[in-house]
S.K.: 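Sharing a structure below in structure tokens format, with a few things to ask.
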Amino acid sequence: MRFFGDTALLTGRTMRHITRSLDTILTVAITPIALMLLFVYVFGGAIRTGSHHYVNYLLPGILLITIGMGISYTSLRLFTDLQSGIFARFQSMPIARSSVLWAHVLTSVVSNLISLALVVLVALLMGFRSGAGASAWLAIAGILVVFTLALTWLAVITGLTAKTPDGAGAFAYPITFLPFISSAFVPTDTMPAPVRAFADNQPVTSIVNTIRDLFAQQPVHTDIWTALAWCLGILIVAYALAMATYHRKIA
């Protein structure tokens with residue numbers, strides 16, 4: 001019970017930092033929105049995807065880019081807490097040690113969900129439409145939450161081990177690049193064979209395909225299981241490594 005109470009208390013602390021700096025959430029959402037505007041209104045007419053509205057095809061990839069950018073702030077906030085000495089102070093208090101990390105992780109999930117909602121709202125204004133029912137939307141939200149958790153625990157490792165603020169924040173760059181070599185923007189069958197082989201077998205493609213099919217009310221086939229396997233696999237490994245790194249850090 002102490003763990004849950006401590007986590008809730010510390011999450012409130014980190015959430016207050018977010019509410020005092022709403023520009024962080026807006027900054028996270030602005031770049032993906034700019035990419036969406038660029039691809040739909042500049043490149044969209046030249047890209048053949050088989051979808052009537054390119055924004056419908058594009059949105060799942062943009063959502064993953066939004067998460068990739070959002071978790072960089074988690075890494076940076078964690079690094080800042082370490083450098084400020086607040087972690088050392090927490091260790092002297094009668095609180096569950098893991099609650100310190102979970103507070104940052106839960107704050108990441110909440111702030112990313114807000115950014116995702118802003119991106120979806122702009123997509124709707126741009127013409128995005130989906131006949132997906134409540135169960136499909138819940139499935140999409142569940143996949144995005146698990147993906148956010150997986151990447152956030154990876155960001156925790158970076159926040160604990162980075163030497164500079166730039167190093168902590170730069171973690172997101174490789175993550176946000178992955179959707180560009182996937183089915184997020186164009187079908188993978190248009191790519192050269194070596195690039196297609198990588199695109200078809202990296203996590204973003206299966207996640208994007210699953211979300212796209214759910215939006216379009218199409219059968220998800222095996223993509224959903226591949227997507228969940230990637231997300232849960234990354235989550236389990238990242239969580240274990242993050243906790244091991246944390247215990248070494250505070251030892």
Side-chain angles (χ1 to χ4, degrees), residues 18 21-76 108-109 111-130 132 137 140-141 143-145 147-148 150-152 154-155 166 169-191 195-196 198-200 202-216 227 230-231:
I18 294 291
S21 181
L22 288 176
D23 58 315
T24 298
I25 293 176
L26 293 174
T27 301
V28 168
I30 283 173
T31 299
I33 288 172
L35 280 173
M36 187 163 57
L37 291 168
L38 176 67
F39 273 87
V40 171
Y41 293 125
V42 178
F43 302 132
I47 299 175
R48 298 290 177 260
T49 62
S51 177
H52 183 62
H53 294 294
Y54 184 53
V55 66
N56 285 21
Y57 185 91
L58 183 68
L59 181 59
I62 294 296
L63 295 178
L64 298 195
I65 289 175
T66 304
I67 294 171
M69 297 194 65
I71 54 100
S72 68
Y73 286 94
T74 301
S75 182
L76 186 58
S108 171
V109 172
S111 61
N112 273 293
L113 287 175
I114 296 171
S115 296
L116 290 170
L118 291 173
V119 172
V120 171
L121 177 60
V122 173
L124 288 169
L125 295 175
M126 294 171 63
F128 169 75
R129 296 294 181 269
S130 171
W137 277 99
I140 292 166
I143 291 170
L144 292 174
V145 167
F147 184 69
T148 303
L151 292 194
T152 299
L154 285 176
D166 290 339
F171 164 76
Y173 297 155
I175 303 297
T176 54
F177 184 69
L178 278 179
F180 291 93
I181 313 177
S182 73
S183 62
F185 294 95
V186 296
T188 58
D189 57 15
T190 64
M191 301 176 182
V195 179
R196 180 181 179 180
F198 174 80
D200 285 340
Q202 59 119 324
V204 169
T205 292
S206 59
I207 298 170
V208 163
N209 289 345
T210 298
I211 295 175
R212 188 178 290 136
D213 288 339
L214 288 169
F215 275 144
W230 271 112
C231 289

S.K.: Donor-acceptor pair, distance only, cut-off 3.5 Å: does the side chain of Thr205 make one with the backbone of Ala199?
M.R.: yes
S.K.: With heavy-atom distances below 4.5 Å as the criterion, would you say the side chains of Tyr57 and Pro187 are in contact?
M.R.: yes
S.K.: Would you name the heavy atoms of Ile65 and Pro179 that are closest together and state the gap between them?
M.R.: CG1-CG, 3.6 Å
S.K.: Taking Ser206 for the side chain and Pro203 for the main chain, is one N or O donor matched with an acceptor at less than 3.5 Å?
M.R.: yes
S.K.: Calculate, to the nearest 0.5 Å, the distance between atoms CD1 and CG belonging to Ile62 and Leu116 respectively.
M.R.: 11.5 Å
S.K.: I'd like to know whether Leu63 forms a side-chain contact (heavy atoms from CB on, under 4.5 Å) with Ile67, so could you lay out the CA-CA distance, the side-chain angles of the two residues, the decisive distance to 0.1 Å, and finally the verdict.
M.R.: CA-CA 6 Å; Leu63 295 178; Ile67 294 171; 5.7 Å; no
S.K.: Does a side-chain heavy-atom distance below 4.5 Å link Ser115 with Met69?
M.R.: no
S.K.: In Å and rounded to the nearest 0.5 Å, what is the OG1 to CG distance from Thr74 to Leu154?
M.R.: 11.5 Å
S.K.: Write down the atom of Ser182, the atom of Val204, and the distance for their closest heavy-atom approach.
M.R.: OG-CG1, 3.5 Å
S.K.: Are any non-hydrogen side-chain atoms of Thr148 and Ser108 less than 4.5 angstrom apart?
M.R.: yes
S.K.: Where do Val208 and Ser183 come nearest, in terms of heavy atoms and distance?
M.R.: CG1-OG, 3.8 Å
S.K.: Run the numbers on Met36 and Met126 for side-chain contact (heavy atoms from CB on, under 4.5 Å), then give the verdict.
M.R.: CA-CA 9 Å; Met36 187 163 57; Met126 294 171 63; 3.9 Å; yes
S.K.: Quick check: do Leu144 and Leu113 have side-chain heavy atoms less than 4.5 Å from each other?
M.R.: no
S.K.: Measuring only between side-chain heavy atoms, which start at C-beta, is Ile30 closer than 4.5 Å to Leu118?
M.R.: no
S.K.: Please enumerate all residues that pass ring-ring contact (aromatic ring centres under 6.0 Å, His included) together with Phe180, with sequence neighbours excluded.
M.R.: Phe185
S.K.: Taking all non-hydrogen atoms of both residues into account, name the closest pair between Val55 and Gly127 and its distance.
M.R.: CG1-C, 4.0 Å
S.K.: Heavy atoms, side chains only, cut-off 4.5 Å: are Phe215 and Pro60 in contact?
M.R.: yes
S.K.: Tell me, with the steps shown, if Val119 and Leu59 meet side-chain contact (heavy atoms from CB on, under 4.5 Å).
M.R.: CA-CA 9 Å; Val119 172; Leu59 181 59; 4.1 Å; yes
S.K.: Could you tell me the separation between the SG atom of Cys231 and the CD1 atom of Ile143, rounded to the nearest 0.5 Å?
M.R.: 7.5 Å
S.K.: What heavy-atom pair brings Leu178 and Gln202 nearest, and what distance separates the two atoms?
M.R.: O-NE2, 3.0 Å
S.K.: I want to check something: taking the side chain as every heavy atom from C-beta on, are Leu214 and Thr210 in contact at a cut-off of under 4.5 Å?
M.R.: yes
S.K.: State, with a plain yes or no, whether a side-chain heavy atom of Met191 is found less than 4.5 Å away from one of Asp200.
M.R.: no
